[in-house]
Amino acid sequence: MKWLGAVLVLWGALEGFLLRRRERLLPLRVGQALAEDLEVLRCGVCLCRAPLPEILEHNLAEGEGARYLWGPLAALLSEAGERSLTGCWRQAAAGLPDPLRRILAPLGTLLPTGGERLAEAIEETREELTRFLRAERERQAAEGRVTAALCLSGASLLILVLI
């Protein structure tokens, strides 16, 4: 019976670690998807000169980026009414995790203008997003080791106390 309790405590610690890891990886997963999607956006808006709703519907309708930014932006644009493109972008970007919101927010003011300035801004945003992702991966690796050690040591201590 003691062994069963010990296994259950260790199982709980593992589940706690995995849950925490999944939550902490969200900005990384979404950021990676958005970094790839920004190139599609740049090509669609600046090179092909396609309208933004068409790009959102045909090219950016799937994946993590669509779930957190492109889908909400498409929905806001379809019911925009009096809201501007900048306002829709700001509202859609508000649903992103904080560092991504801060990185992507400046694009909203340049979307209506299009052209070379927008292409440069999208490229700068992609570079900043890439730097963030690199730093975040390093931080996640270090934090993951610490979190795993804390979960395992806490579980071990609980097992010793209960036995």
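Because the structure is a prediction, the values reported are computed rather than measured. Count residues from 1 along the sequence.
- Put simply, the side chain of Arg42 reaches to within 4.5 Å of the side chain of Glu39, judged on heavy atoms.
- More than 12 heavy atoms of other residues, nucleotides or ligands sit less than 6.0 Å from atom CZ of Arg137.
- Residues Tyr68 and Leu100 are not in side-chain contact: their nearest non-hydrogen atoms beyond the backbone lie 4.5 Å or more apart.
- The two residues Pro72 and Arg67 make their nearest non-hydrogen contact at CD-O, 3.8 Å.
- Scanning both residues, Trp70 and Leu60, for their nearest heavy atoms gives CB-O, 3.5 Å.
- Nearest approach of Gly65 to Ala33, heavy atoms of both residues: N-CB, 3.6 Å.
- Taking each heavy atom of Ile122 and Leu38 in turn, the nearest pair found is CG2-O, 3.4 Å.
- Between Leu133 and Leu28, some side-chain heavy-atom pair lies under the 4.5 Å cut-off.
- Remark: the backbone N or O of Ala35 is paired with a side-chain donor or acceptor of Arg126 at under 3.5 angstrom.
- Put simply, the side chain of Trp89 gets close to the backbone of Leu104: a donor and an acceptor are under 3.5 Å apart.
- Residues Leu96 and Leu34 form a side-chain contact, since some pair of their non-hydrogen atoms from C-beta on lies under 4.5 Å apart.
- A salt bridge between Glu136 and Arg139 is present, with a side-chain N of the basic residue lying under 4.0 Å from a carboxylate O of the acidic one.
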